[in-house]
Structures are given as structure tokens and as C-alpha cells.
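Notes to accompany the following structure.
On a predicted model such as this, the values are computed, not experimentally measured, just so you know.
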Amino acid sequence: MKRLIRLRVNGEPVETAVPPNRTLLEMLRDDLGLTGAKEGCGEGDCGACTVLLDGLPVSSCLVLALQAEGREVVTVEGLAREGQLDPLQQAFVEEGGVQCGFCTPGMLLAATSLLAANPDPSEQEIREAIAGNLCRCTGYQKIVESIRRAARRGP
Amino acid sequence: MRLPMFEFAEAESAAEACRMLAGAGPEAALLAGGTDLLVRMKRGLLCPQRVVSIRRLRAGRPAVARDGARLTIDPLATMTEIAADPLLREACANVAAGARAVGSPLIRNLATLGGNLASARPCADTAPPLLTWDASVRLESTGGERSVPLHDFFTGPGASALRLDELLVAVEIELPAGSSGSAFFKLGQRAALEIAIASAAARITLDRPGGIVLEARIALGSVAPVPLRARAAESLLAGREPREELLAAAAAAAAREARPIDDLRASAAYRREMVAVLVRRALAAALASAGGGQ
């Protein structure tokens, strides 16, 4: 029943056997131990499970692990380099963009994709980029400011 | 939320996907973006024995190809690709706008145009815009291909002319002669991640910039069992000078043609009033981009 797939996760080649009904989110969390991506709603409404798939943010609860075969996945664990937070993560810390933290991995990845395509986004562009990522703590303002701070500072 | 177990197959060509569907009936389900299918499977609404992924059929092709007046849109293009496509933004701006109104960026990076149409929801955001361009869909099965005008495609909430053994292989638009403009407006409780309370798309084709209306199209979302053409409203505009009073009369006619229901999002009465507002805005914006009005 299980099938062997190969993909890259956070830059590293990964080979793992998955049953067809395993989502990419379940594979990342349960098989690879990468628990940064969270399961919130499980239906693509909350964005807590956001990962980058070939550079684009997607809800990993709505992707089959088998569909990630041969593709490039980045999770929040892939942002820090050698124990150092990346500039976007650092900006979230400095601006208070993190409260309970459940939405944070998804916010970081949605914003990473935005800044890769648009290094100097307007506030409106930032808000649109994180429109699929729900936060129940911050009221979003601090998250938007965190992303602006990272954009001002550059990569 | 767990998915039930199923067998997974990946089609490498449309012909292969059709062979996998042939004779399988509801036991096989097509997987494109997955944003509808997988949710329905998690909720236990669908339990196919076999899931046939068609994502690889997209490989390498542009989202939209133009040959003279004909645009051919790949139904496996994602909403993100449709929203950003330069040909559509130039020629059929309301189709790009409809795609941009779907879900959130996370959903638009997965969801496909074909999925939005094949799901046949009255609220499908790409349906009203495509209806205003008299789009048709090409359906393929092992028995051959057929073309169905989109206005005959939708038959009820979640129901369409697409047979269980058919694959939607192309969405086609024949661009009209003259000077055309289009627009799409969606009303929701919030600006993103929202199912429309009501939506309206319009396309106006003038004989020349500043001229009379050769052809007008108005289509409505979330206010009938299917994405709905407002034909009586359209006919008020054809052959006429597009003055503001006329646009208002057409918007009022469209509101009368809507067949909304009360549900958790809004009442039927509110929806009908909003149709008039949305159609009026859509007509004004379409006219402006067609080079008409003041």
C-alpha cells in the first residue's frame, strides 16, 4: 500500500514511504518529525499548515504526500541558518509579531514567499499575502509591522 | 482530519486519465488542485476507491494560448496563474479578477480553473466572468471530445453536464470584434477567504470606443442554483447608447432575474438588492474599460 517517494525538504533530499491517504502535513509532522507546520482546521481555511511547495505557499493539509514527489518543500524549520534566525524571523521577535505562536510558521512562510517575489511590498500587499493565515492573538498589526521591518532591512 | 483510504494513480496524459475514468463511475475521482476534493473526502461526503491525479497534464504548457481571436485556457492552470496571466488581464480582465477573488493565496496556489468550474457551485468566482465571454468547455472521454457552451454546462448546485467518465480539457473563448471591457465584483462578509454573498460580472462590447453597445453580457454568482446569465438585462443594452440611466435599468432588470435564497450568508431580499448594486458597478467599470462613457 505504501509507496516510496523522493523529494527535497528544507534543501535536503528525503526518501520516505507513505500510504496514498497521507497528507503532506501528516508526512512532515508524523514521519519526518517536522512539527513546525500545524494542523488547525484541516480544511484549508486557517493557514496554520502553510509550507512552501516549489516556492509557493500552500495549505499542506490539502496536498497529498504523494503529490510532493520530486518537489521542493520548505517548512519553518528550514528558515534558520546554523542556529541563527533568518531576518524575517528576527523581525517577528523584535516587533512582537509572535504571541501564542500557532500561526507563526505559516505567517513566516507566506511572508517569505511574498518578500522573495516583492522585496518592498506595500501594507496592502502584505495584508493580501497573509490573507489565508488566521491569527487570533495579534490583530495582525504586529505581524504586518514585522514583515515591513524585514523588508526595510533586506535579506 | 484524516483522509479515508484510497488507491492513487497519476495520469500522464488526458487520454490516460480518460481510460482510468472509463467505466469507473463514482468509484474514481479526479484530483487537480485538491482544495475541494480532499475537503469533501475528509468530511466523508465522498469516498472514492481510486483517486486519479491529473496535475502532470499541466506540465510545460502556458496557462493561456492565443490564436487570433481564440483564447484557450488550460483548466489545470491554478487560480494564481489565471489571476496573473498577461493575456487574460489584457483581453478578459474579469476572468483574472474572478480567479483573484477565490479563497486565499494558499488556496489559489493549489486550486485550478477546471476544479472551480467542474465543482459547479453557484458561488464559483470564475464562472460569471467566463459566462460573460460566452466561453465554452471542451470535454474529453474515451468516446471522443465535445464542446459545451458554459451557459449550458451548469445544471444545478454541484451538478454539470460533465459526465463521470469525462475530463475537462480546455476552456475556450472567442474574443468578439469591437472594443470590449469587462469587470467582476464580489460581495462577501470579508475581503478574503470568503464565499460570495453575491457576485456580478459584466462585459460590454462597443462598436468603437465611445460608440454604441454591440453586445452586453451580465452574469451573476451565488443568487441562483447555477451561475446565471441575466439575459433580459443584457437585451436592454444591445444596440443602445450606454447612458447611465440605461445601465441602472439593466442593473434593476438583473436583480429581477436573480433567483436568490435565504441562507446563513444572507437573505434572499438582501442578495437581490445587492445584485442591482454589483451589476451597476460592473457595467460602469466594463464600459469605462471598453472606452465608453464620460
Side-chain angles (χ1 to χ4, degrees), chain A residues 1-3 5 18-27 30 37 39-71 106-107 109-111 113-114 117-118 124-134 140, chain B residues 1-11 28-56 58-59 76 78-81 83-84 100-112 115 188 190-195:
Chain A
M1 252 343 233
K2 284 192 176 181
R3 213 156 87 181
I5 58 166
V18 292
N21 66 338
R22 179 141 318 166
T23 63
L24 176 58
L25 175 64
E26 290 162 347
M27 182 195 81
D30 303 341
E39 178 163 52
C41 66
E43 297 192 340
D45 288 329
C46 76
C49 66
T50 303
V51 302
L52 300 185
L53 184 59
D54 292 337
L56 295 178
V58 299
S59 300
S60 63
C61 73
L62 295 184
V63 178
L64 298 180
L66 289 175
Q67 291 177 290
E69 161 108 68
R71 299 171 81 179
M107 289 289 181
L109 291 165
S113 166
L114 168 70
N118 179 359
Q124 184 59 31
E125 288 168 331
I126 292 172
R127 288 184 182 274
E128 284 178 17
I130 60 170
N133 298 82
L134 301 188
Y140 300 100
Chain B
M1 293 176 88
R2 300 277 154 179
L3 283 166
M5 187 49 80
F6 53 85
E7 183 191 315
F8 180 82
E10 184 130 46
L30 286 177
L31 173 64
T35 55
D36 192 66
L37 178 70
L38 298 184
V39 172
R40 285 156 60 78
M41 288 172 65
K42 285 182 176 191
R43 289 183 181 174
L45 299 172
L46 281 176
C47 200
Q49 287 176 13
R50 192 170 208 215
V51 169
V52 177
S53 169
I54 50 175
R55 199 184 65 85
R56 288 200 187 160
R58 178 77 182 82
L76 284 164
T78 63
M79 292 300 171
T80 298
E81 292 174 299
R100 197 163 188 273
V102 172
S104 71
L106 310 175
I107 298 299
R108 293 196 292 274
N109 285 334
L110 293 170
T112 64
R190 31 177 278 157
L193 251 184
E194 181 63 305
I195 292 170

Hey, is CZ on B:R100 packed in by over 12 heavy atoms from elsewhere, all under 6.0 Å? no
Any salt bridge linking B:R2 with A:E26? Criterion: basic side-chain nitrogen under 4.0 Å from a carboxylate oxygen. yes
Checking heavy atoms, do the side chain of A:L25, its backbone, both or neither come under 4.5 Å from chain B? neither
With salt bridge (Lys or Arg N to Asp or Glu O under 4.0 Å) as the test, would you mind laying out the steps for B:R58 and B:E81 before giving the verdict? CA-CA 12 Å; B:R58 178 77 182 82; B:E81 292 174 299; 2.9 Å; yes
Do you see a donor-acceptor pair shorter than 3.5 Å between the side chains of B:T78 and B:N109? no
Where do B:L193 and A:G44 come nearest, in terms of heavy atoms and distance? CD2-O, 4.4 Å
Counting only heavy atoms closer than 4.5 Å, note whether A:E43 contacts chain B via side chain, backbone, both or neither. both
Side chain / backbone / both / neither for A:R22 at chain B, heavy atoms under 4.5 Å: neither
If contact means a heavy atom pair closer than 4.5 Å, which residues of residues 54-64 of chain A contact chain B? A:L56, A:P57, A:V58, A:S59, A:C61, A:L62, A:V63, A:L64
Of the backbone (N, CA, C, O) and the side chain (C-beta and beyond), which part of B:L31 lies under 4.5 Å from a heavy atom of chain A, both, or neither? side chain
Smallest heavy-atom separation, A:G42 atom then B:K42 atom, equals O-NZ, 2.8 Å
What part of B:R43 gets closer than 4.5 Å to chain A, counting heavy atoms only: side chain, backbone, both or neither? side chain
Kindly give the heavy-atom pair with the smallest separation between A:G40 and A:A48, and that separation in Å. N-CB, 4.2 Å
Would you name the heavy atoms of A:M1 and B:F6 that are closest together and state the gap between them? CE-O, 4.0 Å
Please identify, among A:P20, A:G106, A:P19, the residue contributing the most non-hydrogen atom pairs under 4.5 Å to chain B. A:P20
Using every non-hydrogen atom in the two residues, find where A:L24 and A:A68 come nearest and quote the distance to one decimal. CD1-CB, 4.0 Å
